[in-house]
Amino acid sequence: MPAMLPAGAQTARPLNLVALGDSLTAGYRLPAEAAFPAVLERELKKKGHTVTVANAGVSGDTSTGGLDRVDWSVPDGTDGVILELGANDMLRGTDPAVTRKALDTIIARLKGRGIPVLLAGMRASANLGPDYVARFDAIYPDLAKQHGLVLYPFFLAGVAGERGLNLDDGLHPNPRGVEAIVAGILPTVESFLTRLGKPER
């Protein structure tokens with residue numbers, strides 16, 4: 001008779017997450033170990049999760065750019081995707097309908113492959129005007145509701161506009177900013193892991 005494992009012991013492979021995003025995911029001007037995916041993986045492991053977080057961030061990427069590369073950026077064997085795109089669309093003043101369609105298609109394509117998505121929201125700058133802000137900001141909660149996704153409402157919550165948490169360009173988080181982003185999103189990611197249908201601890 002085979003020996004019984006202690007209660008709670010797992011021999012399953014790690015959960016493989018992919019962070020699909022732009023420079024905020026890629027870690028613009030930061031060492032690899034200070035980028036969002038690496039810091040998130042480290043903090044999840046501290047909490048007892050057996051997980052890898054691959055960095056599929058490309059600086060300057062738009063939602064349409066993410067759609068163009070989603071099939072090869074998210075390999076087979078991926079258990080879940082953290083989708084963080086749209087900031088560059090907003091900075092360029094892209095029609096929110098274009099951003100919405102691209103994100104919707106990315107989500108649908110991943111769902112078609114059986115890969116769950118955690119959607120990380122973005123918010124438009126007030127200087128783009130109230131109509132643009134309303135249309136852009138609605139994209140993320142609308143898509144999360146439509147597709148039944150876990151939503152983190154604003155990826156840069158607590159970091160946007162904070163001089164001490166951003167690089168000198170005022171747009172990209174510095175290492176302290178990334179740590180703050182991870183601290184903010186960590187409970188949502190842990191909730192997401194419970195929906196992946198595999199042991200995550």
Side-chain angles (χ1 to χ4, degrees), residues 18-30 32 34-37 39-40 53-74 81-111 117-147 149-178 180-182 184-185 188:
V18 171
L20 179 66
D22 49 36
S23 56
L24 301 175
T25 289
Y28 178 73
R29 285 172 49 190
L30 301 179
F36 168 74
V39 177
L40 177 63
V53 185
N55 190 338
V58 173
S59 293
D61 221 357
T62 61
S63 57
T64 301
L67 173 59
D68 288 343
R69 65 184 176 89
V70 63
D71 293 331
W72 58 264
S73 291
V74 180
V81 167
I82 300 171
L83 178 57
E84 176 277 307
L85 284 167
N88 288 311
D89 302 57
M90 179 266 295
L91 291 173
R92 298 177 186 188
T94 300
D95 184 343
V98 173
T99 304
R100 180 186 292 264
K101 182 177 180 181
L103 292 174
D104 184 32
T105 307
I106 290 171
I107 294 163
R109 195 169 289 177
L110 291 170
K111 286 178 69 176
V117 175
L118 186 163
L119 185 59
M122 188 50 56
R123 292 180 182 164
S125 299
N127 63 4
L128 291 165
D131 177 66
Y132 189 96
V133 169
R135 292 174 61 217
F136 184 90
D137 289 4
I139 293 170
Y140 300 90
D142 285 356
L143 288 177
K145 183 176 180 180
Q146 176 185 334
H147 290 283
L149 307 181
V150 174
L151 172 68
Y152 185 63
F154 183 33
F155 188 71
L156 295 176
V159 175
E162 295 294 329
R163 183 175 296 180
L165 298 179
N166 287 281
L167 299 175
D168 53 13
D169 63 8
L171 294 174
H172 295 92
N174 61 25
R176 286 181 57 220
V178 173
I181 290 170
V182 169
I185 201 172
T188 303

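- In this structure, Leu167 CG and His172 NE2 are separated by 7.5 Å, a value rounded to the nearest 0.5 Å.
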Stepwise side-chain contact (heavy atoms from CB on, under 4.5 Å) test for Tyr28 and Asp169 = CA-CA 11 Å; Tyr28 178 73; Asp169 63 8; 3.7 Å; yes
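- Closest approach of Leu149 and Ile107 over heavy atoms only: CD1-CD1, 3.7 Å.
- Nearest heavy-atom pair, Val70 versus Leu20, reported as atom, atom and distance to 0.1 Å: CG2-CD2, 3.9 Å.
- Here the side chains of Arg69 and Asp61 are in contact, with some heavy-atom distance below 4.5 Å.
- Distance check: Thr99 OG1 to Phe136 CZ gives 5.5 Å after rounding to the nearest 0.5 Å.
- Shown here for Leu24 and Leu171, the closest heavy-atom pair between the two residues is CD2-O, 4.0 Å.
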Salt bridge (Lys or Arg N to Asp or Glu O under 4.0 Å) between Asp168 and Arg29, intermediate numbers included | CA-CA 11 Å; Asp168 53 13; Arg29 285 172 49 190; 3.1 Å; yes
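- Counting non-hydrogen atoms of other residues, nucleotides and ligands closer than 6.0 Å to CZ of Arg176 gives a total of 12 or fewer.
- A perpendicular orientation is assigned to the rings of Phe36 and Phe155, their planes being inclined by more than 60° (bins at 30° and 60°).
- At distances below 3.5 Å, not a single donor-acceptor pair connects side-chain atoms of Asp104 with backbone N or O atoms of Arg100.
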Assess whether side-chain contact (heavy atoms from CB on, under 4.5 Å) is satisfied between Val81 and Leu118, documenting all intermediate values.
-> CA-CA 6 Å; Val81 167; Leu118 186 163; over 6 Å; no
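- Of all heavy-atom pairs between Pro37 and Val53, the closest is O-CB, 3.6 Å.
- Annotation: Phe154 is not in aromatic contact with Tyr140 [ring centroid separation under 6.0 Å not met].
- The side-chain heavy atoms of Ile82 and Leu40, taken from C-beta on, include a pair separated by under 4.5 Å.
- For Asp22 (side chain) and Gly57 (main-chain N/O), no donor-acceptor pair under 3.5 Å exists by modelled atom type.
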Applying side-chain contact (heavy atoms from CB on, under 4.5 Å), run through Lys101 and Val98 and close with a yes or a no.
-> CA-CA 5 Å; Lys101 182 177 180 181; Val98 173; 6.0 Å; no
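- Put simply, CG on Leu119 and CD on Gln146 are 11.0 Å apart, with the number rounded to the nearest 0.5 Å.
- Contact of the Ile181 side chain with the Pro173 side chain is registered, since non-hydrogen atoms from C-beta on lie closer than 4.5 Å.
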Mind running side-chain contact (heavy atoms from CB on, under 4.5 Å) on Glu84 and Tyr152 for me, showing each step along the way?
-> CA-CA 10 Å; Glu84 176 277 307; Tyr152 185 63; over 6 Å; no
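- At distances below 3.5 Å, at least one donor-acceptor pair connects side-chain atoms of Asn55 with backbone N or O atoms of Ala26.
- Taken to the nearest 0.5 Å, the CG atom of Leu110 stands 10.5 Å off from the NE2 atom of His147.
- Residues Arg135 and Pro96 approach most closely at NH1-CD, 3.7 Å, considering heavy atoms.
- Minimum heavy-atom separation, Leu165 to Ala180: CD1-CB, 4.3 Å.
- From Leu85, atom CG reaches atom CE of Met90 across 12.5 Å, with rounding to the nearest 0.5 Å.
- Side-chain contact, Ser63 with Asp89: a donor N or O sits under 3.5 Å from an acceptor N or O.
- Atom CG of Leu103 and atom CG of Asp142 lie 11.5 Å apart (nearest 0.5 Å).
- You'll find the side chain of Ile106 reaches within 4.5 Å of the side chain of Leu83, heavy atoms only.
- In this structure a side-chain-to-backbone donor-acceptor pair under 3.5 Å is missing from Asn166 to Gly177.
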